[in-house]
Engineer: 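Quick one: structure below, then a few questions.
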Amino acid sequence: MTLVGRDQEIEALNTLLRDCTRGNGGMAVIRGPVATGKTALLRVFADHAADAIFLGAGGHRTERGIPLGVLDQLCQGGQLPVAIATELLERRTALGPLGEPGPPAVSPSLARWSEGLLKLLTELSEDAPVVIAVDDMQYADVASLQCLSYLARRAGAARILTVLTECAHTPPADRPLRAEILRQGNCHCIP
């Protein structure tokens with residue numbers, strides 16, 4: 001698949017992937033209005049990242065209230081090795097019900113789960129870089145966004161790249177959390 005007129009955006013993502021391959025974890029947020037090709041750009045990038053372990057998920061307005069719904073998609077999407085997916089789901093089950101989104105702070109149990117996820121993904125990234133791609137971040141549940149933010153803040157030298165798409169005109173599930181994601185030093189906005 002090719003996109004006409006998106007060479008700069010694709011090159012920006014490819015550069016981030018090359019940096020990730022060298023051990024510089026990062027994050028990119030592809031932003032734009034509705035129907036401007038964000039999802040298509042993400043799909044083309046997935047083709048470019050063929051040598052990476054590509055974990056994809058998507059937010060949906062009707063699932064915004066399901067805690068860790070987006071992260072569950074990443075674990076259950078069939079892209080992870082079975083042993084790692086099983087371990088993550090067992091740890092996820094041990095969290096129990098998360099209920100309604102809590103305060104802006106990450107709960108201790110979610111932080112422990114996020115740390116376990118980071119450890120497993122870091123080990124996985126020793127074989128190949130890991131790309132976590134979430135389409136329609138504005139519809140992602142708060143707990144998943146907290147976890148993704150946690151991962152991005154700590155990815156540092158890990159070969160993990162997180163790529164999110166966001167509709168610029170749709171309010172996010174949690175404005176302060178979205179702002180925190182965009183403020184991170186390793187976050188690159190791609191309009």
Engineer: Can you tell me how far the CD1 atom of I10 sits from the OG1 atom of T15, to the nearest 0.5 Å?
Structural biologist: 12.0 Å
Engineer: Which atoms form the tightest heavy-atom contact between S125 and R159, and what is the distance?
Structural biologist: O-NE, 2.8 Å
Engineer: Could you walk me through whether V131 and F45 pass side chain to side chain contact (heavy atoms under 4.5 Å, CB included), step by step?
Structural biologist: CA-CA 10 Å; V131 175; F45 177 62; 3.9 Å; yes
Engineer: Should L148 and L182 be counted in the same cluster of Ile, Leu, Val, Met, Phe, Trp and Tyr side chains packed under 4.5 Å apart?
Structural biologist: yes
Engineer: Sequence neighbours excluded, which residues qualify as salt bridge (Lys or Arg N to Asp or Glu O under 4.0 Å) partners of D19?
Structural biologist: R22
Engineer: Would a 4.5 Å heavy-atom cut-off, applied to side chains only, mark L177 and P172 as touching?
Structural biologist: no
Engineer: Could I get the full list of side-chain contact (heavy atoms from CB on, under 4.5 Å) partners for C75, not counting sequence neighbours?
Structural biologist: L88, L89, W113
Engineer: Considering only heavy atoms from C-beta outward, does the side chain of V44 approach that of R6 to under 4.5 Å?
Structural biologist: no
Engineer: Are side-chain N/O atoms of R43 and T39 paired as donor and acceptor at under 3.5 Å?
Structural biologist: no
Engineer: Rounded to the nearest 0.5 Å, what separation is found between the CD atom of E166 and the CG atom of D136?
Structural biologist: 10.0 Å
Engineer: Verify whether one side chain among Y139 and R61 offers a donor that lies under 3.5 Å from an acceptor in the other.
Structural biologist: yes
Engineer: N186 side chain to M27 main-chain N or O, any donor-acceptor pair under 3.5 Å?
Structural biologist: no
Engineer: Taking all heavy atoms of T165 and all of Q138, pick out the closest pair and write down the distance.
Structural biologist: O-OE1, 4.0 Å
Engineer: Heavy atoms, side chains only, cut-off 4.5 Å: are I66 and D141 in contact?
Structural biologist: no
Engineer: Heavy-atom distance under 4.5 Å between the side chains of Q146 and L110, does that happen here?
Structural biologist: yes
